[in-house]
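One structure below.
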Protein chains: 2
Amino acid sequence: MHDVAAMAGVSIKTVSNVINGYPYIRPETKERVEAAIAELGYQVNISARNLRQGRTGMIGLAVPELSLPYFAELADSVIRAAEQHGLIVLIEQTNASRERELEVLSGQRRHLTDGLIFSPLALGTEDRAHFAVDFPLVLLGERIFGGPADHVTMSNVDAARAATQHLIATGRRRIALIGAHEGETVGSAALRQRGYEQALTDAGLPVDPALIGEAGLWHRSTGADAMARMLDTGTEIDAVFGLNDALAIGALHVLHDRGVVVPDEVAVIGFDDIEDAAYASPPLSSVAPGREQIAATAVDLLLARVAGTAPAEHVEVITDFEVVTRESTVGASVRAGAPARPVVA
Amino acid sequence: MHDVAAMAGVSIKTVSNVINGYPYIRPETKERVEAAIAELGYQVNISARNLRQGRTGMIGLAVPELSLPYFAELADSVIRAAEQHGLIVLIEQTNASRERELEVLSGQRRHLTDGLIFSPLALGTEDRAHFAVDFPLVLLGERIFGGPADHVTMSNVDAARAATQHLIATGRRRIALIGAHEGETVGSAALRQRGYEQALTDAGLPVDPALIGEAGLWHRSTGADAMARMLDTGTEIDAVFGLNDALAIGALHVLHDRGVVVPDEVAVIGFDDIEDAAYASPPLSSVAPGREQIAATAVDLLLARVAGTAPAEHVEVITDFEVVTRESTVGASVRAGAPARPVVA
DNA sequence: TTGTATGCGTTATCAG
DNA sequence: CTGATAACGCATACAA
């Protein structure tokens, strides 16, 4: 910067003014400075600027892991949304470990970012207090802990109910649930299960514990395991509701392996509508949570919090969802009478 | 830091010494300082440290997009590898756009990171000069441009040849290739196609242009399109080699849709061995490129470059690969005689 | 419209 | 072993 000032024959302050677009500056001066900048290939030292301004232009995004397609796609969307505001995203993987999630909140890296978008998975009710942090924080997912922070989510209960209703509407009666978390009451698993049970009850169907498959982590492998266990016990089913698409794809895998025809014998629906879903064999019906909308909203909310323009109380945003029907629930043989296009819930 | 020093009754420099693990420091002093740090909840200001040290503790990772599973999994691995060294990863998405890839190299964000791991896709031979940058850079993928930078890659040619040989070994003769880039000579597409052609020629089989399916972007959708086009022209095939798994999964999707039985009528193999592959229906054979090894090597190489301990000439690392056989090529009916476990190439 | 001087929070130098 | 003090590169209050 000194060199640039010297070359342009101005003071360092003027260089700063030019860089930051200060308006009251003589065109010819500006031109000279810009020429010098180009000539010297000068670039602002962001560390110095950060130190001086106290802001970093970076936001954190903490997710379980990028190898889970849903979070990869979410990260993609968040990065794009942040880019719109000239922000850089710094991704942290928690591996859904309680310890790592607490670390994220304790904010070792807090000084690196202006705020954090956090999708917690492992933290439970007992960790409620940890969410009351003194930096801008937006939570993704249901307002889990009576929320001492802003949060953005779709209604898990409503969406799960809609998915289950879709199965019921296509004639299914013995609907297995894959991905339950026994004993949990506030997480996505519990909420989605609640929606499932509501749909059954509303339709006058019983809630059969034999149809509830546990799966701690929502991976393809755990979905496959849960499906296999259920089939092994001889439980009779005509549909599967995977609490996310990875679970559903795992289930699909096992069904294929056992020679069960989808959807003729068993219909399958997932949740998240990751890109995989559309290309599964058969294509997987799912619930689309409006990923882009979630990402954009979260970034906006976080920025408002950073800028101090957000309301004092914590904000809660509920985003839209959509039940997307594909061959896994509405196969050729069943398709007659069913809508050919995605159904908006 | 001042406050901590005051509370502990020492100078600010001593606090710094304690934080940075300077050895020659009286235990009781250290203890006092640590108590003060805990008491005040003090955390170092990373921006200030960066400014002072000229290093940021962050490295950049530029990939096309995270919604492509291969790059999501790669990012996952790179983040883990970087973590081992106490580094933070900053992900940038190029969308495989030439413009964005050049931007990444022009280094607007250079001062934010100590170095860059870059997986280019759009840049071609004519951009060769842009890779000669004055900051630590490690390229992922084949040494594309006579490499004015370090790079880490597996041998695309060898791996593609091995994949094709596997198809030939299981009795396939009309092997379609999906994902070709017409006219390209240096990118992954060209190299993998070369391996495919070598395998055919070695086996005395003809290289039939009708079997080459173009697909610019390697997405599921483009793979599906290419497969559909080829089937529409009535080209006779008994196997498909997707130049990556997304393409192969797209192809699988179309085959399923047309009622073609995999692998009985047509065998399918992909490339990358993303997690999806194992859970496709049927499970997809693929080439595993040793993702973890690539990530770890790239990070190590970059750090050596940052530390200045790397050799003056540019380094080229070739990583291992493995042909993983699954049901899509070795179905129940064909499996007899074929190895039951992954074959190491 | 432009220049001067100061401090952001650290770490490094060099005495003591 | 510890302390005083000078940078690091920038943005801003204040002057001119």
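All chains are named by letter (A, B, ...) in the order of the sequence lines, taking the proteins before the strands, and each is independently numbered beginning at 1.
Using a 4.0 Å heavy-atom cutoff across all strands shown, Thr29(A) reaches sugar-phosphate atoms only and no base atom. Looking at heavy-atom distances under 4.0 Å, Ile25(A) makes contact with sugar-phosphate atoms alone, never a base.
The pair Arg291(A)-Asp76(A) fails the salt-bridge criterion, with no side-chain N (NZ, NE, NH1 or NH2) lying under 4.0 Å from an Asp/Glu carboxylate O. We find that Glu103(A) and Arg100(A) are joined by a salt bridge, their nearest charged nitrogen and carboxylate oxygen being less than 4.0 Å apart.
In this structure, Lys30(B) is not positioned above the aromatic face of Tyr22(B) in the sense of NZ or CZ being under 6.0 Å from the six-membered ring centre and within 45° of the axis.
At its two ends the helix from dT1(C)-dA16(D) to dG16(C)-dC1(D) runs along axes set 30° apart, each axis drawn from five pairs and the angle rounded to 10°.
Separating the OG1 atom in Thr153(B) from the CG atom in Leu139(B) is a distance of 10.5 Å, to the nearest 0.5 Å. Taking CD1 of Ile79(B) as the reference point, atom CG of Leu66(A) lies at 5.0 Å (rounded to 0.5 Å). Between Asn50(B) atom CG and Ser47(A) atom OG the span is 4.5 Å, to the nearest 0.5 Å. Put simply, CE on Met1(A) and CD1 on Ile12(A) are 5.0 Å apart, with the number rounded to the nearest 0.5 Å. Rounded to the nearest 0.5 Å, atoms CD (Glu39(A)) and CE (Met7(A)) are 4.5 Å apart.
One interatomic measurement links the two molecules: CD of Glu28(A) to P of dT1(C), which rounds to 11 Å at whole-angstrom precision. Following rounding to the nearest Å, Leu51(B) (CG) and dT10(C) (P) show an atom-to-atom distance of 12 Å. If you measure from atom OH of Tyr22(A) to atom P of dT2(C), you get 10 Å, rounded to the nearest angstrom. Regarding Asn45(B), its CG atom lies at a distance of 18 Å from the P atom of dG7(C), rounded to whole Å.
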Reading 5' to 3' through nucleotides 11-16 of chain C, protein heavy-atom contacts under 4.0 Å coded B for base, S for sugar-phosphate only, - for none: BBB---
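Of all nucleotides in DNA chain D, those with any atom nearer than 4.0 Å to a heavy atom of chain B start and finish, going 5' to 3', at dC1(D) to dG9(D).
Dashed line: the shortest gap from a side-chain N or O of Thr14(A) to OP1 or OP2 of dT2(C) is not under 4.0 Å.
A donor-acceptor contact under 3.5 angstrom links the side chains of Asp114(A) and Thr56(A), judged on distance only. In this structure, a donor-acceptor pair under 3.5 Å is present between the side chains of Glu65(A) and Ser67(A).
Within the 3.5 Å criterion, the main-chain N or O of Val10(B) finds no donor-acceptor partner in the side chain of Thr14(B).
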